[in-house]
Structures are given as structure tokens and as C-alpha cells.
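Heads up, the thing below is written out as C-alpha cells.
Note that the coordinates shown come from a computational prediction; the quantities given were computed from them, not determined experimentally. Both ligands and their constituent atoms are indexed starting at 1 by order of listing.
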Amino acid sequence: MIIVLKPDSTPEQLEALIARVKELGLRYHLSQGEQRTIVGIIGEEDKLQIQPLGAMPGVEQVLPILKPFKLASRQMHPSDTVVTVKAGGTGPTVRLGGGYIAMIAGPCAVEGEEILAEIARAVKASGASILRGGAFKPRTSPYSFQGMGEPGLKILRDVGHALGMPVVTEVMDPRQVPLVERYADMFQIGARNMQNFDLLREVGQCRKPVLLKRGMAASVKDLLLSAEYVLSEGNEQVILCERGVRTFEDSTRNMLDMSAVPNAQGQSHLPIIVDPSHATGRPDLIPAMARASVAAGADGVHVEVHCAPEKAMSDGAQALRPPQFDALMQSLKAIAAVVGKTFN
Ligand code: PEP
Ligand code: MN
């Protein structure tokens, strides 16, 4: 349920309303825009049905939120959320959403300091603003490379921060959250864990942004409900990520649902980015799909890059080489200008 205040409502009226909401044992979320203040009510809405909150001074309207997700809904928060991230909390600010686009790039997995530094320098020179790299890898086979663990996290942080780039890395288990939080500027929740609700709650307790990937069999509604888990714990910095879903098509790794971008943006204020690397699994398709993502209004793109894909320890077959990545970045900047967005 949302309570819309009148444009001329006073701070005292807002205070009185909040006091009443608390008295009813409900939680609230305040959204103060330039024109309007909206109070979102979280909790058992039936408690409110009989409460004549609409009659309180300063209240214009009391509306039910018809979507199953509340905090993630655009009704609750009409303006775009802009997620900000800085390397180590002090570097230059990178923004996603509200007209800002960010390129997240790097290898699938952190494999060593030298190779990561080479990749990071290349992607940064081409215009990437956030460095990615997995230290805990969700592999289909238990015999495949599982990631370097904590030494990998340290390498990622050191390499990224030396270049002033915030770093994002996957966390797979609630027990890993404190460790990953020490090194990463942004958590990644992988497609396989989109509905690991304990993990979502755990990163929701943190105050670092969360890159939430769409599960391979999840609807856009499911994705937004997973975001709701993080938001409901108090972490408002969630970035959605479309990375393709499983279908009968077997010539691509997954099937990229480009409509998820405007679809999610219509229903939610959260930024959404696209990962054409995991969506297609094919370097010959990634540039076109990255360009389509920016044209479709994505707030960012996520691409895997490796200097020697033939030697990569995971996902080498889908990695772009730095010159391919550089050419892609130049075309993305041109498209961003056409759609009126700014690259970080
Ligand atoms: C990844 O980003 O390396 C990854 C494993 O992605 P996804 O969870 O989308 O499969
Ligand atoms: Mn990968």
C-alpha cells in the first residue's frame, strides 16, 4: 500500500502519519521526490484496510500496490534508482541508472595477478568502469575449476583498486558473504542462486550494491521478487541483470530476452543491465547483442574479456579479446549518445 501526500503537506503531517504507521506495527519506506512524498507501507496490509489513514491531514490518496513486489515497484518509487559504487569506497563514483550507463568487464574467473592486470588495463583503456572476475565459480561439474577463493578476491581488489575501478564478484553462499564483502565493492548473485533466499537476505543486510542475475528459468516477476528480498532487508542498491533464459534453442547458450529491459524498467525503478556473454555464449553474437542492449535502454552491459581466451580456465569460448572489446565500446558510446545516456 502506498500513501501519497499532498504537494503542500507539512513535515509535521508526515511525522504524524509515520507515528501512526509505527503504532500499527507496520514498517514504512519513504520516497521523497521533487514533487511528491510517497510513504510505502510494508507488512500485513490487512491491518490497514480498516485504518482511515486517508483521512489524516496532508494525505491525498491511499492506494494498494497491485504488484506482488512492493519496494521494487515503480509505484512505490516513481523515479529511477541510481546505484553508485566507488573503488574501495573512495575512488571515482560510477553510476548505474537514471541516464548513466556502466560497462562491467573482465575475465570469467580470476586466474592470477598478472593476467588479470593485463585484462583490467585493457578494458579500462577502452572505457570499462567496473572490473569483474569470479573467485567462487558456480560450475556445472564439480571437477571443473572452482575459482581461487580468497586469494582470488585479494587479487581482484588489488588490481581493480590500483586502476581506480570498483570490483564485482560472485558470492554463492550466505557463509561467504562477510569474506566477499571485505574485498568486493559489489556483490554478484549468479543466475543459479537467484532464488537462494537466505543468500539474498544476507546480502540485503549489507550496504554494498548487489548485481542480481536473472535465473535461467525465472520470469521477470520472479527476478523482481528476488530483488524484493534484498530491498526488504534494507539494502536499496540492487541492479538487475538479464543474462538469457533456457529455451529449446540450442545454437546459443541461453536465449537473450531483450524485452526484459523495458519490461523491468516499466515495473521497477531499479537499474537493469544486460550480460550478452552468458546469454549467447558466442563472441560472434556478443557485440550485436550489447549494442541492442544499449539501444533497448539498458543501464549497463556486462561482458567477459580475456587476453588469451584459448588458455582461460572458464568460459574462454565466449570471451572477447581486448581489440574486439575496444571496437565494441566505441560503438556502444555512439549508441548511448543517440538514446541520450551517458557512459561512466
Ligand atoms: C558469471 O558471471 O561468471 C556467471 C557464472 O554468470 P551466470 O550466473 O549468469 O551464469
Ligand atoms: Mn562466466
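For the ligand labelled ligand 1, residue Cys108 lies inside the 4.0 Å heavy-atom shell. At least one heavy atom of Glu304 sits less than 4.0 Å from an atom of ligand 1.
The pair Arg95-Asp299 fails the salt-bridge criterion, with no side-chain N (NZ, NE, NH1 or NH2) lying under 4.0 Å from an Asp/Glu carboxylate O. The pair Asp80-Arg74 counts as a salt bridge, with a side-chain nitrogen and a carboxylate oxygen less than 4.0 angstrom apart. Using a 4.0 Å cut-off between charged nitrogen and carboxylate oxygen, Lys311 and Glu111 do not count as a salt-bridge pair.
With hydrogens left out, the protein atom closest to atom 8 (O) of ligand 1 is Ala191 N, 2.8 Å, a heavy atom. Given atom 2 (O) of ligand 1, the protein heavy atom at minimum distance is Arg132 NH1, 2.7 Å. Ranking the protein heavy atoms by distance from atom 6 (O) of ligand 1 puts Lys213 NZ, 2.9 Å first. The protein non-hydrogen atom at the shortest distance from atom 9 (O) of ligand 1 is Arg243 NE, 2.7 Å. Scanning the protein for heavy atoms near atom 4 (C) of ligand 1, the closest one is His278 NE2, 3.4 Å.
Near Lys137, meaning under 4.0 Å from any of its heavy atoms, are these atoms of ligand 1: 1 (C), 3 (O). Of all atoms in ligand 1, listed by their number and element, those nearer than 4.0 Å to a heavy atom of Arg192 are 7 (P), 8 (O), 10 (O). Annotation for ligand 1: atoms under 4.0 Å from non-hydrogen atoms of Gly190 are 8 (O).
Remark: ligand 1 and Glu170 share no N or O pair separated by less than 3.5 Å (distance only, no angle test). Checking only distances, His302 never comes within under 3.5 Å of ligand 1, N or O to N or O. For the pair Asp275 and ligand 1, the shortest N or O to N or O distance does not fall below 3.5 Å. Looking at ligand 1, you won't find any N or O of Arg253 less than 3.5 Å from one of its N or O atoms.
Contacts of Gln188 with ligand 1, taken as heavy-atom pairs under 4.0 Å, involve the side chain alone.
Computed with the Mn ion (ligand 2) at the centre, the Glu304 OE2 to Asp315 OD2 angle is 130°, stated to 10 degrees.
Rounding to the nearest 0.5 Å gives a distance of 5.5 Å between OG of Ser251 and CZ of Arg282. The CD atom of Glu242 sits 5.0 Å away from the CG atom of Asp257 when rounded to the nearest 0.5 Å.
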Point to revise | Trace of the salt bridge (charged side-chain N to carboxylate O under 4.0 Å, His left out) decision for Glu310 with Arg321 | key: CA-CA 10 Å; Glu310 64 286 352; Arg321 292 175 190 273; 3.0 Å; yes

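With 3.5 Å as the limit, one finds no donor-acceptor pair spanning the side chains of His306 and Asp315.
Test Arg132, Arg253, Lys213, Arg243 against Asp275 for salt bridge (charged side-chain N to carboxylate O under 4.0 Å, His left out) and you get one pass: Lys213.
A 4.5 Å side-chain heavy-atom check between Met76 and Ser31 finds every atom pair outside the cut-off. The shortest distance between side-chain heavy atoms of Phe136 and Thr169 does not fall below 4.5 Å.
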